[in-house]
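Report on one structure; see the data block that follows.
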Amino acid sequence: MGHILSNGSYVWSKLYSLREFSIHDWREGSEQYKFIEKCLASADRQKQPWLIFVAHRVLGYSSNSWYGLEGSFEEPMGRESLQKLWQKYKVDIAFYGHVHNYERICPIYQNQCVNSEKSRYSGTVNGTIHVVVGGGGSHLSDFTTIDTVWSIYKDLDFGFVKMTAFNRSSLLFEYKRSSDGEVYDSFTISRDLCMMVVNPPRLLPN
């Protein structure tokens, strides 16, 4: 199947996953920031074409109520420092816990959606898809009443995610509720490896 590295990164035959320790300083110039970039840069996209970022706290985007009250919709200084790395190394998906609900964000860069597609991504996505999957137990966390335009799907229920990398060019993502095991949100990514060349993001008009 592959092997696990003790520094917090995981390598499988088709998948490279970086588990980031979000209780430490991740700002640019910090030791952890350097560690994150080193791990992202070491991924061989010919061998592990799917690049996944994982953190406990939400370093990307969340419509959770307390983040809404703070006006940041993230942990302090989360994406401000890390988004340039996600974009530079073309991270496909970023997963977070901590917030006890489910939410999927559009492919995004600098607070703007960079792809108008919502469920069938093809070719160059141009941004990282952020997903909060915190409904595994404990109490549920309410969403803000503020309209977060980058949010594609929200669910205030217990659930889990199943992700299947069929091969080097096709990936299926599914969110299922624990109560019935049915799929309530899903998307696919299809692309050729030649599309992994870093391209500047194309921001969608507001």
Side-chain angles (χ1 to χ4, degrees), residues 20-28 33 36 52-88 90-121 125-161 163 173-179 182-189 200-206:
E20 191 277 337
F21 299 97
S22 54
I23 60 173
H24 303 295
D25 186 0
W26 53 77
R27 291 171 294 181
E28 189 169 2
Y33 183 93
I36 294 170
I52 311 298
F53 181 91
V54 182
H56 173 70
R57 294 180 181 271
V58 180
L59 303 181
Y61 298 81
S62 168
S63 301
N64 188 62
S65 58
W66 74 71
Y67 286 143
L69 291 174
E70 295 173 352
S72 62
F73 301 105
E74 59 162 344
E75 286 291 313
M77 295 300 296
R79 60 180 178 268
E80 284 78 5
S81 293
L82 294 174
Q83 63 181 345
K84 64 176 65 176
L85 295 183
W86 297 327
Q87 196 69 22
K88 178 180 179 179
K90 302 183 75 67
V91 172
D92 294 297
I93 305 172
F95 285 106
Y96 313 103
H98 191 59
V99 174
H100 298 166
N101 55 40
Y102 170 82
E103 183 175 18
R104 175 164 63 96
I105 312 304
C106 64
I108 195 166
Y109 181 63
Q110 294 182 340
N111 303 330
Q112 292 192 48
C113 296
V114 295
N115 195 309
S116 59
E117 180 57 54
K118 298 186 185 302
S119 61
R120 292 181 176 86
Y121 301 104
V125 178
N126 279 330
T128 299
I129 299 169
H130 296 259
V131 184
V132 177
V133 191
S138 188
H139 62 282
L140 293 171
S141 303
D142 292 329
F143 291 104
T144 180
T145 57
I146 300 172
D147 181 23
T148 48
V149 296
W150 29 258
S151 182
I152 292 180
Y153 188 90
K154 304 184 186 77
D155 192 34
L156 190 62
D157 208 331
F158 300 105
F160 59 94
V161 159
M163 190 169 60
F173 173 101
E174 298 172 298
Y175 163 70
K176 301 183 179 185
R177 284 185 182 172
S178 300
S179 58
E182 296 295 323
V183 176
Y184 285 81
D185 184 38
S186 66
F187 66 85
T188 59
I189 304 176
R202 179 179 59 85
L203 301 181
L204 297 177
N206 294 326

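Keep in mind it's a predicted model, so treat the numbers as computed, not measured. We count residues from 1, following the sequence as given.
Side chains of Phe53 and Trp86 form a contact here, defined as non-hydrogen atoms less than 4.5 Å apart. Within the 4.5 Å cutoff, side-chain heavy atoms of Asn64 are placed close to those of Asn101. At a threshold of 4.5 Å between non-hydrogen side-chain atoms, the residues Tyr33 and Leu82 count as touching. A heavy-atom distance below 4.5 Å is not found between the side chains of Glu174 and Met163.
By the salt bridge (Lys or Arg N to Asp or Glu O under 4.0 Å) test, Lys84 pairs with Glu28, sequence neighbours left out. Taking Glu80 as the reference, Glu74, Met77 meet the side-chain contact (heavy atoms from CB on, under 4.5 Å) condition, with sequence neighbours excluded. Qualifying ring pair (Phe, Tyr, Trp, His ring centres under 6.0 Å) partners for Tyr175, counting only residues two or more places apart in sequence or in other chains: Tyr102. Among residues two or more places apart in sequence or in another chain, the ring pair (Phe, Tyr, Trp, His ring centres under 6.0 Å) test is passed with Phe187 by Tyr121, Phe173.
Between the OH atom in Tyr184 and the NZ atom in Lys176 there is a gap of 12.0 Å [rounded to 0.5 Å]. Note that CH2 of Trp150 and CD1 of Ile105 are 5.0 Å apart. Values are rounded to the nearest 0.5 Å. The CZ atom of Arg120 sits 14.0 Å away from the NZ atom of Lys118 when rounded to the nearest 0.5 Å. Phe158 CZ to Ser179 OG: the interatomic distance, rounded to the nearest 0.5 Å, is 10.0 Å. In this structure, CD1 in Ile108 is found 10.0 Å from OG in Ser151, a value given to the nearest 0.5 Å. In this structure, the separation between CH2 on Trp26 and CG on Leu59 is 5.0 Å, given to the nearest 0.5 Å.
The salt bridge (Lys or Arg N to Asp or Glu O under 4.0 Å) pairs that include a residue from residues 134-157 are Asp155-Arg177, Asp157-Arg177, where partners are two or more places apart or lie in different chains. Residue pairs meeting the salt bridge (Lys or Arg N to Asp or Glu O under 4.0 Å) criterion with at least one partner in residues 98-117, sequence neighbours excluded, are Arg104-Asp185.
The shortest non-hydrogen separation linking Ile93 to Val131 is CG2-CG2, 4.1 Å. Nearest heavy atom pair, residue Ser63 against residue Thr148, reads OG-OG1, 2.6 Å. Residues Gly97 and Val132 come closest through the heavy atom pair O-CG1, 4.3 Å.
Judged by distance alone, the side chain of Ser65 and the main-chain N or O of Thr144 form no donor-acceptor pair under 3.5 Å. A distance-only check finds no donor-acceptor pair linking the side chain of Tyr61 to the backbone of Ile129 [under 3.5 Å]. Checked by atom type and distance alone, the side chain of Ser141 never pairs as donor or acceptor with a backbone atom of Val99 at under 3.5 Å.
Using a 3.5 Å distance cut-off with no hydrogens or angles, the side chains of His130 and Tyr96 do pair a donor with an acceptor.
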